[in-house]
Amino acid sequence: MNGLLISYDGGVNHVLTPQYEKYSSFPVGNLMCLIFQGEILDDISRILRNCINACPMNKDVLTQDSIEEAEHFVLSALLYDDFYPAQRIAQGSFIRVIERYRALDSQSMLRLLQEELLRVNEDIMLFNDIGFSNVGTFLRLCFNNYYVDLVNAISFFTAWSAILSGATDEQEKATYKELLGILQNPDIVPGIEIKSILDASGVMNNYYVINSFLSLVMFEFTHIESSDVVIRRCQNPDCGKFFTAKRSDAKYCSFPSPQNPVRLCKNYYPQLLHSKKIQENELDRLIKNAYGRLYNQKRRHPDRAENVTKLIRTLQIEADIKKQEVLHNRITKKNFETWLKSLTIVKGEDIYE
């Protein structure tokens with residue numbers, strides 16, 4: 001059985017995995033957040049694309065036997081140590097397309113190829129040498145459709161998550177509306193099968209067979225809507241990933257922080273904000289002291305009031321800019337203090353901090 005086998009119970013997805021896999025249960029919504037954000041799918045698709053290009057039977061005549069051999073070759077290329085659920089869906093998605101196309105009659109093949117060549121010309125597809133002439137063109141045709149399913153899934157995940165999180169831009173709204181109309185076509189969203197499996201204790205368990213990235217998104221969002229889970233976008237500005245949470249006021253995700261990958265955003269970024277707030281308060285204190293010094297000089301030296309006024313004006317214009325440079329580590333605090341001290345007309349006793 002190709003694809004990912006999932007059972008759903010009480011807000012948790014249980015993935016049927018080999019014994020060597022450590023993690024097999026995921027809170028609803030968490031699985032798609034893990035799969036559709038990061039480099040996992042890019043890595044899998046690159047391996048799959050390279051596998052197709054290197055397939056030793058590329059020039060072979062397309063027969064049921066050669067397709068069977070090519071299937072085994074592709075599956076072996078995706079048997080590597082990576083995130084198991086993503087790997088299984090990728091395998092299932094590609095094999096699903098192969099099995100669908102190998103069952104077509106000649107007339108259906110011709111009609112399908114005309115449609116696919118039209119899409120190649122209209123859209124940015126990774127392969128344009130596609131068809132049913134040999135194993136190579138057939139695998140490239142299958143990859144294009146695997147890729148369409150993947151792109152639709154990522155686009156819908158991003159747009160729908162943005163809508164549910166309440167943090168959406170106009171582009172995401174437009175993408176959501178467009179995909180919502182397209183995906184009402186049942187031919188575009190592959191169906192999800194149910195497989196019954198008997199466990200060691202004699203209990204029959206029902207599993208959903210997910211062999212499409214787009215179907216996984218539908219599966220996850222369907223269960224999110226009936227659960228107490230919410231989708232949120234991480235408020236760490238360098239992250240912005242979507243994540244699931246029990247609380248509607250959750251702000252930060254459980255993914256590695258871009259600023260410090262060994263720590264999670266939810267643990268690291270609040271501490272970073274706190275330290276920046278302390279630093280900002282200290283910089284504000286230094287600016288306030290600089291204003292006090294200049295106003296004191298203006299009072300003590302009325303004959304030079306005009307020059308001091310110019311320095312005050314410079315402080316008003318540039319202080320916040322320089323403060324932000326310190327907060328973003330573009331200049332040091334010491335350099336900031338040196339600049340503040342340079343705004344003076346009198347040395348010595350009139351300067352205080």
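The basis for the numbers below is simple: all heavy atoms, side chains too, and nothing from hydrogens, waters or symmetry mates. In this text, all values refer to a predicted model and were calculated from it rather than measured experimentally.
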(message) Assess, by modelled atom type and distance only, whether the side chains of Thr332 and Asn335 contain a donor and an acceptor separated by less than 3.5 Å.
(response) yes
(message) If I take atom OH from residue Tyr147 and atom CE from residue Met125, how far apart are they, to the nearest 0.5 angstrom?
(response) 8.5 Å
(request) Nearest 0.5 Å please: distance from the CD atom of Glu193 over to the CD1 atom of Ile210. (result) 10.0 Å
(message) Hydrogens and angles aside, do Arg119 and Asn145 bring a side-chain donor and acceptor to less than 3.5 Å of each other?
(response) yes
(message) Take a 6.0 Å sphere around CZ of Arg313 and say whether it holds more than 12 heavy atoms from other residues, nucleotides or ligands.
(response) no
(message) Take a 6.0 Å sphere around CZ of Arg100 and say whether it holds more than 12 heavy atoms from other residues, nucleotides or ligands.
(response) no
(message) Less than 3.5 Å apart, any donor N or O on the side chain of Asn211 or Ser93 sitting next to an acceptor on the other?
(response) no
(message) What I want to find out is whether Glu99 reaches Arg96 closely enough, with some N-O distance under 4.0 Å, to be called a salt bridge.
(response) no
(request) State the CG-CG distance between Asn281 and Asp284, to the nearest 0.5 angstrom. (result) 6.0 Å
(request) Using side chain to side chain contact (heavy atoms under 4.5 Å, CB included) as the criterion, list what pairs up with Glu115, not counting sequence neighbours. (result) Arg111, Leu112
(request) Of all the heavy-atom pairs spanning Pro85 and Leu4, show the shortest one and how long it is. (result) CA-CD1, 3.7 Å
(request) Consider only side-chain heavy atoms of I, L, V, M, F, W and Y, link residues closer than 4.5 Å, and tell whether Ile182 and Phe213 are in one cluster. (result) yes
(request) Evaluate the ring planes of Tyr176 and Trp160, with Trp represented by its six-membered ring, and classify them as parallel (under 30°), tilted (30 to 60°) or perpendicular (over 60°). (result) tilted
(request) Hey, can you tell me if Tyr146 and Phe143 have their rings parallel, tilted or perpendicular (30° and 60° cut-offs)? (result) tilted
(message) Would you say that more than 12 heavy atoms from the other residues, nucleotides or ligands in this model lie under 6.0 Å from the NZ of Lys276, or not?
(response) yes
(request) Could you tell me whether the side chains of Gln259 and Asn236 share a donor-acceptor contact shorter than 3.5 Å? (result) yes
(request) Using salt bridge (Lys or Arg N to Asp or Glu O under 4.0 Å) as the criterion, point out the one residue from Glu280, Glu282, Glu337 that pairs with Lys323. (result) Glu280
(message) Surrounding CD of Gln171 (heavy atoms of other residues, nucleotides or ligands, distance under 6.0 Å), is the total greater than 12?
(response) no
(request) Report yes if some heavy atom in the side chain of Asn13 is under 4.5 Å from a heavy atom in the side chain of Phe219; otherwise report no. (result) yes
(request) Give, for atom NZ of Lys298 and atom CD of Glu306, the distance between the pair rounded to the nearest 0.5 Å. (result) 10.0 Å
(request) With rounding to the nearest 0.5 Å, note down the distance linking OH in Tyr101 to CG in Leu113. (result) 10.0 Å
(request) Drop me the distance from Cys265's SG to Phe255's CZ, to the nearest 0.5 angstrom. (result) 9.5 Å
(request) Sort and list the pairs that fulfil ring pair (Phe, Tyr, Trp, His ring centres under 6.0 Å) and have at least one residue in residues 266-288, not counting sequence neighbours. (result) Tyr252-Tyr269
(message) Quick check on the hydrophobic clustering: are Leu183 and Leu180 connected, directly or via other members, by side-chain heavy-atom contacts under 4.5 Å?
(response) yes
(request) Go through the side-chain N and O atoms of Asn296 and Arg293 and say whether any donor and acceptor fall under 3.5 Å apart. (result) no
(message) Is there a path of hydrophobic side-chain contacts, each under 4.5 Å between heavy atoms of I/L/V/M/F/W/Y residues, joining Leu272 to Leu327?
(response) no
(message) If hydrophobic clusters are built by linking Ile, Leu, Val, Met, Phe, Trp and Tyr wherever their side-chain heavy atoms come under 4.5 Å apart, do Tyr291 and Val326 end up in the same one?
(response) yes
(message) Quick check on Phe73: does its CZ atom have over 12 non-hydrogen neighbours (other residues, nucleotides or ligands) under 6.0 Å away?
(response) yes
(request) Might you point out which heavy atoms bring Cys51 and Ala77 nearest each other, and give the distance in Å? (result) SG-CB, 3.5 Å
(request) For Met57 and Ala70, work out which heavy atoms get closest and say how close. (result) SD-CA, 4.0 Å
(request) Examine Phe138 and Leu110 and state if one hydrophobic cluster contains both, with Ile, Leu, Val, Met, Phe, Trp and Tyr joined whenever side-chain heavy atoms are less than 4.5 Å apart. (result) no
